Amino acid sequence: MLRSFTRGAAATALTVTLAALTTSCAGGGNGNGTGGSAAKPGDSVSRPASAVPASATGAEPQPPAPQPERVRDAFAGLQATLDDSCTPANCAYLLGRVHDELHRLDRAMKADPKGPGHFPEPIALMARLDGELGSDRGFENLKRHQPALLGARDEINTWMQDHPDDYR
């Protein structure tokens, strides 16, 4: 019989059954836990909206808003690319990672409590790089702009090294 239930009907039946059990276990008015009125299947049970499972209302639960990444953590990711070189075996990986780490740091700087105005040079370098790269993140485009990509990484690294209070 349960197979014929839809997901919403099964969730509703489960909710009513659980509510009935909760009410019958809560006891009644005679003090010994055996009296009072228990909810029966089909009875309407009132609960605060926060107690209704998302599956019973059809609404998707909302995950907590992610906290902005800290500049120091994003900068550490960028620094991890400094010792790598663009060999035939890993060039696509390296250039893609440098691109991703630069944008990760850019987002962290723009979300930092000090404000984006605290990081004018790195943010300007990223804007210039994005202007050169355009929206093409493919390997051929990254390879064509490899000097600009790695140059932006190195310039931002130098700028950050001169501002140690921002990443320590």
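We use all heavy atoms of the structure for the numbers below, so side chains are in, but hydrogens, waters and symmetry mates are not. A quick note: this is a predicted structure, and the numbers were derived from the prediction, not measured.
- Interatomic distance, Glu121 CD to Ile156 CD1, rounded to the nearest 0.5 Å: 10.5 Å.
- Looking only at side-chain heavy atoms (C-beta outward), Leu82 and Asp154 come within less than 4.5 Å of each other.
- Of all heavy-atom pairs between Arg97 and Gly77, the closest is NH2-O, 3.6 Å.
- Heavy atoms of other residues, nucleotides or ligands lying less than 6.0 angstrom from CZ of Phe139 number more than 12.
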*Apply the test side chain to side chain donor-acceptor pair (under 3.5 Å) to residues Asn90 and Thr87: give CA-CA distance (whole Å), side-chain angles for both, the deciding distance (0.1 Å), then the verdict.*
CA-CA 5 Å; Asn90 81 336; Thr87 63; 2.7 Å; yes
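- The shortest side-chain heavy-atom distance between Gln146 and Lys143 falls under the 4.5 Å cut-off.
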*Carefully, step by step, assess Leu95 and His145 under the rule side chain to side chain contact (heavy atoms under 4.5 Å, CB included).*
CA-CA 10 Å; Leu95 296 179; His145 294 95; over 6 Å; no
*Under the side chain to side chain contact (heavy atoms under 4.5 Å, CB included) criterion, do Met109 and Met160 qualify, and how do the steps go?*
CA-CA 11 Å; Met109 288 177 172; Met160 290 295 291; 3.5 Å; yes
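- Residues Leu125 and Trp159 fail the side-chain proximity criterion, which asks for heavy atoms closer than 4.5 Å.
- Asp112 contributes atom CG, which lies 12.0 Å from atom CZ of Arg72 (distance to the nearest 0.5 angstrom).
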*Can you list the steps and then say if Gln161 with Phe75 is a side chain to side chain contact (heavy atoms under 4.5 Å, CB included)?*
CA-CA 10 Å; Gln161 294 294 336; Phe75 181 53; 3.9 Å; yes
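- Contact of the Leu102 side chain with the Val98 side chain is registered, since non-hydrogen atoms from C-beta on lie closer than 4.5 Å.
- Distance alone, capped at 3.5 Å, is enough to place a donor-acceptor pair between the Asn141 side chain and the Leu133 backbone.
- For Arg104 and Glu69, the salt-bridge test passes: some basic side-chain N is under 4.0 Å from an acidic carboxylate O.
- Comment: Glu155 engages Arg128 in a salt bridge, judged by a side-chain N to carboxylate O separation of less than 4.0 angstrom.
- Once rounded to the nearest 0.5 Å, the distance linking CD1 of Ile123 with CZ of Arg107 reads 12.5 Å.
- Ring planes of His99 and His103: tilted class, angle from 30 to 60°.
- Nearest approach of Thr81 to Glu101, heavy atoms of both residues: CG2-CG, 4.3 Å.
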_Pair Asp100-Arg137, side chain to side chain contact (heavy atoms under 4.5 Å, CB included): steps then yes or no_ = CA-CA 10 Å; Asp100 292 347; Arg137 192 190 169 282; 2.7 Å; yes
